[in-house]
Amino acid sequence: MRNRKFSKGKKFIFFIPVVALIAVALGYIVMFLWNWILPEVVHAGRLNFWQALGLLVLCRLLFGNFNKGGGHNRFREKAREMRSKWDGMNEEERAKFKEEYRRRCGGWGHRNKD
């Protein structure tokens with residue numbers, strides 16, 4: 001067998017129809033599932049293909065991308081960072097932090113009684 005190496009141009013030309021095919025397939029899947037489930041359950045209107053594709057893009061923008069996991073979760077990283085910072089504080093620093101938090105945010109789960 002011969003080793004065939006594709007140039008970047010050939011890969012790009014192959015890539016465009018594959019992306020278009022995936023977008024069309026996902027659009028039809030979203031449209032089918034929406035029209036199959038939601039009108040009966042929550043009395044939502046039916047979607048056409050372009051609305052389904054727009055909904056897919058909107059969800060991607062709002063909730064993140066379509067990677068298969070293993071991506072960085074900024075919320076978890078920030079939570080770990082805050083936890084390690086909290087663990088490194090002594091009792092006086094923690095009390096000062098809590099007081100500052102109450103002053104700025106009104107406390108956690110409590111109404112501001114000012």
Side-chain angles (χ1 to χ4, degrees):
M1 284 181 74
R2 232 169 49 188
N3 186 6
R4 296 181 185 181
K5 293 189 177 187
F6 291 108
S7 68
K8 287 185 180 185
K10 289 182 182 178
K11 285 182 184 178
F12 184 72
I13 291 172
F14 177 73
F15 183 71
I16 291 174
V18 170
V19 169
L21 185 64
I22 291 171
V24 167
L26 287 174
Y28 275 109
I29 289 170
V30 168
M31 184 182 74
F32 172 74
L33 290 173
W34 179 285
N35 291 336
W36 179 46
I37 297 170
L38 290 177
E40 288 288 322
V41 176
V42 294
H43 306 291
R46 299 178 62 81
L47 290 181
N48 63 32
F49 170 75
W50 295 109
Q51 290 170 327
L53 204 57
L55 184 64
L56 191 64
V57 170
L58 178 65
C59 287
R60 192 249 183 250
L61 291 173
L62 292 176
F63 303 119
N65 55 13
F66 299 115
N67 62 357
K68 297 179 182 179
H72 296 288
N73 188 337
R74 287 184 224 145
F75 178 77
R76 284 187 182 158
E77 289 174 8
K78 189 71 171 172
R80 282 189 201 118
E81 180 183 317
M82 289 300 293
R83 172 55 68 186
S84 66
K85 191 174 185 179
W86 179 262
D87 289 340
M89 291 181 184
N90 61 30
E91 292 301 319
E92 182 181 320
E93 292 170 328
R94 287 181 184 179
K96 185 178 176 185
F97 176 82
K98 286 178 185 179
E99 186 57 40
E100 182 67 19
Y101 183 80
R102 279 190 199 100
R103 187 183 70 74
R104 288 186 183 184
C105 305
W108 181 265
H110 302 288
R111 290 184 179 192
N112 196 353
K113 297 180 182 179
D114 291 336

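- Using a distance-only test at 3.5 Å, with no hydrogens or angles considered, no donor-acceptor pair links the side chain of Glu40 to the main chain of Ile37.
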Expected list for residues 79-86: side-chain donor-acceptor pairs under 3.5 angstrom, two or more places apart:
residue: Ser84; atom: OG; partner: Arg80; partner atom: O; Å: 3.4
residue: Ser84; atom: OG; partner: Glu81; partner atom: O; Å: 2.9

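- In terms of hydrophobic clustering, with Ile, Leu, Val, Met, Phe, Trp and Tyr side chains grouped at heavy-atom distances under 4.5 Å, Leu21 and Met31 are assigned to different clusters.
- In this view, Glu91 and Arg94 satisfy the salt bridge (Lys or Arg N to Asp or Glu O under 4.0 Å) rule, not counting sequence neighbours.
- Under the 4.5 Å side-chain heavy-atom criterion for Ile, Leu, Val, Met, Phe, Trp and Tyr, Ile13 and Val18 are members of distinct hydrophobic clusters.
- Here Phe14 pairs with nothing under the ring pair (Phe, Tyr, Trp, His ring centres under 6.0 Å) rule; sequence neighbours left out.
- Summarising the geometry of Gly45 relative to Pro39, their closest heavy-atom pair is O-CG, 4.4 Å, with the distance given to 0.1 Å.
- In this view, Phe15 satisfies the ring pair (Phe, Tyr, Trp, His ring centres under 6.0 Å) rule with no residue, not counting sequence neighbours.
- Legend: residues meeting side chain to side chain contact (heavy atoms under 4.5 Å, CB included) with Ala44, ordered by chain and number and at least two apart, are Trp34, Leu38, Val42.
- Remark: Glu100 pairs with Arg103, Arg104 by the side-chain hydrogen bond (donor to acceptor under 3.5 Å, both in side chains) rule, at least two apart or across chains.
- Under a hydrophobic-cluster definition in which Ile, Leu, Val, Met, Phe, Trp and Tyr are linked whenever side-chain heavy atoms come within less than 4.5 Å, directly or via other members, Leu33 and Ile22 are assigned to the same cluster.
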For residues 47-55, please give each side-chain donor-acceptor pair under 3.5 Å, one per line with the distance, not counting sequence neighbours.
residue: Asn48; atom: OD1; partner: Trp50; partner atom: N; Å: 3.1
residue: Asn48; atom: OD1; partner: Gln51; partner atom: N; Å: 2.8
residue: Gln51; atom: OE1; partner: Asn48; partner atom: N; Å: 2.9

